[in-house]
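Read the numbers this way: they start at 1 and go in the same order the structure lists the ligands and their atoms. Numbering of residues begins at 1 and proceeds along the displayed sequence.
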Amino acid sequence: MIPDDLEVIDFNRRLKSWYLENHRPLPWRETKDPYKIWLSEVILQQTRVAQGMPYYERFVEQYPTVFDLAAADERDVLRLWQGLGYYSRARNMHFTARQVANDHNGRFPETSEKLLKLKGLGQYTAAAIASFAFDEPVPAIDGNVYRVMARIFGIESDMLSNEGKKEFAAVARQLVSKDDPATYNQAMIEFGALQCVPASPNCMACIFKDSCFAYEHQMQGQLPVKIKKLTIKHRFLNYIIIRQGDRLVMHERRGRDIWKGLYDFLLIESKAPATNPDSLTILDPNFQNFLKKGRLTEVPKVYSHILTHQRLQVRFWWLEIPETERIDLPHGMAFYNHEEVEELPKPILIDTVLREENYL
Ligand code: ADE
């Protein structure tokens, strides 16, 4: 998997000659000033080259050195950033400028390892500055570079997983030119941006056509592999099973939430486990009214329910209303007798609880 020395030399030779012929003359490529390189990278994390260029130029003009940015009013920095979005990035940038100005006498640390200690600088940015400004032979791996490496060298591990990242980093360390890491890193980024583009790359016109793994196996669409982790939402559901004789109050679920069209009970969702039902009364005024009319008993078991994107922790309480009481039910809720409850479409969880509680 890791290319040998000859492959590395050949890869570097081809990549560099492609870059020298094809790259865009961008202003941050004409400088060795780490401050300007850092500015460009922060802006380019937020936007594309074409949109980022005027921002870069305005920042460099208004704040030509890290001392100028450090001394700036935060409001002016945010104003200049306006339109790029994600304003905490601008605030972090301002903070880092003061860190460099005050703690480092205005000089950016000269290795990626030391740069990483500055606020808001990740692996990629630290490596970009260290290689572009100080010629440290460290690979700067952004999304473009992941794509180029995965395709050419056939790296099929998930670029978002820790193991995948390690594998990419190992190949990248091998590939990075020890003679001219600055040009190497710019070239990898540029090659990904212009030639090895995400969709429909023009492989017929590619310098790596005779050796590219993805081209050979027609896997341009599958590489790089990015397995998005599902973000799991934790929810706390509290159900009040209102009972009068053998009848239960059931609620028809509508809207865009889970279990649409199925029937459950009066539901009060809380942000944390609700061990005390009193804490639920403020969340639902109906519950507060119902409580006055009946007797509450807790179902001791706490249920866990797992859905694709959600983990539910669910608690139940019975609320017995004497036959003599009349209660007004809100829209979407009604009393159903035993047979009807049996017949209604219900989430499995609701069915299970009714069985375990010996109602069904
Ligand atoms: N995107 C991120 N860094 C870049 C750079 N140095 N040149 C072009 N595009 C980039």
Should you measure from each heavy atom of Gln186, which atoms of ligand 1 turn up under 4.0 Å away?
5 (C), 6 (N), 7 (N)
Quick check on contacts: which atoms of ligand 1 are under 4.0 angstrom from a heavy atom of Tyr124?
2 (C), 3 (N)
Only one of Arg254, Lys260, Arg253 passes salt bridge (charged side-chain N to carboxylate O under 4.0 Å, His left out) with Asp257; say which it is.
Arg253
Nitrogen or oxygen of Glu190 less than 3.5 angstrom from that of ligand 1:
no
Write out the residue and atom name of the closest protein heavy atom to atom 3 (N) of ligand 1, then the distance separating them to 0.1 Å.
Glu41 OE1, 2.8 Å
To check your reading of the model: name the closest protein heavy atom to atom 8 (C) of ligand 1, its residue, and the distance in Å.
Arg29 NH2, 3.4 Å
Above 12 or not: heavy atoms from other molecules or residues under 6.0 Å from CG of Asp4?
yes
Within 45° of the axis and under 6.0 Å from the centre of the six-membered ring of Trp318, does NZ or CZ of Arg243 qualify?
yes
If you count every heavy atom of other residues, nucleotides or ligands that lies below 6.0 Å from Gln222 atom CD, does the total exceed 12?
yes
Can you tell which part of Asn144 has a heavy atom less than 4.0 Å from ligand 1: side chain, backbone, both or neither?
neither
Can you report which non-hydrogen protein atom sits closest to atom 5 (C) of ligand 1, along with the distance?
Trp28 NE1, 3.5 Å
N/O to N/O below 3.5 Å, does that happen between Arg24 and ligand 1?
no
Connected-component partners of Phe335 among ILVMFWY, side-chain separation under 4.5 Å
Ile240, Ile242, Val249, Leu266, Ile268, Leu280, Leu283, Phe287, Phe290, Leu291, Leu296, Trp317, Leu319, Ile321, Ile327, Leu329, Met333
To which of Thr125, Val42, Leu44 does the heavy atom nearest atom 10 (C) of ligand 1 belong?
Leu44
NZ or CZ of Lys346 within 45° of Tyr263 ring axis and under 6.0 Å:
no
Just to check, does Gln45 reach to within less than 4.0 Å of ligand 1 when the distance is taken from its heavy atoms?
no
For the backbone of Gly192 and the side chain of Arg147, can you confirm whether one donor and one acceptor N or O come within less than 3.5 Å of each other?
yes
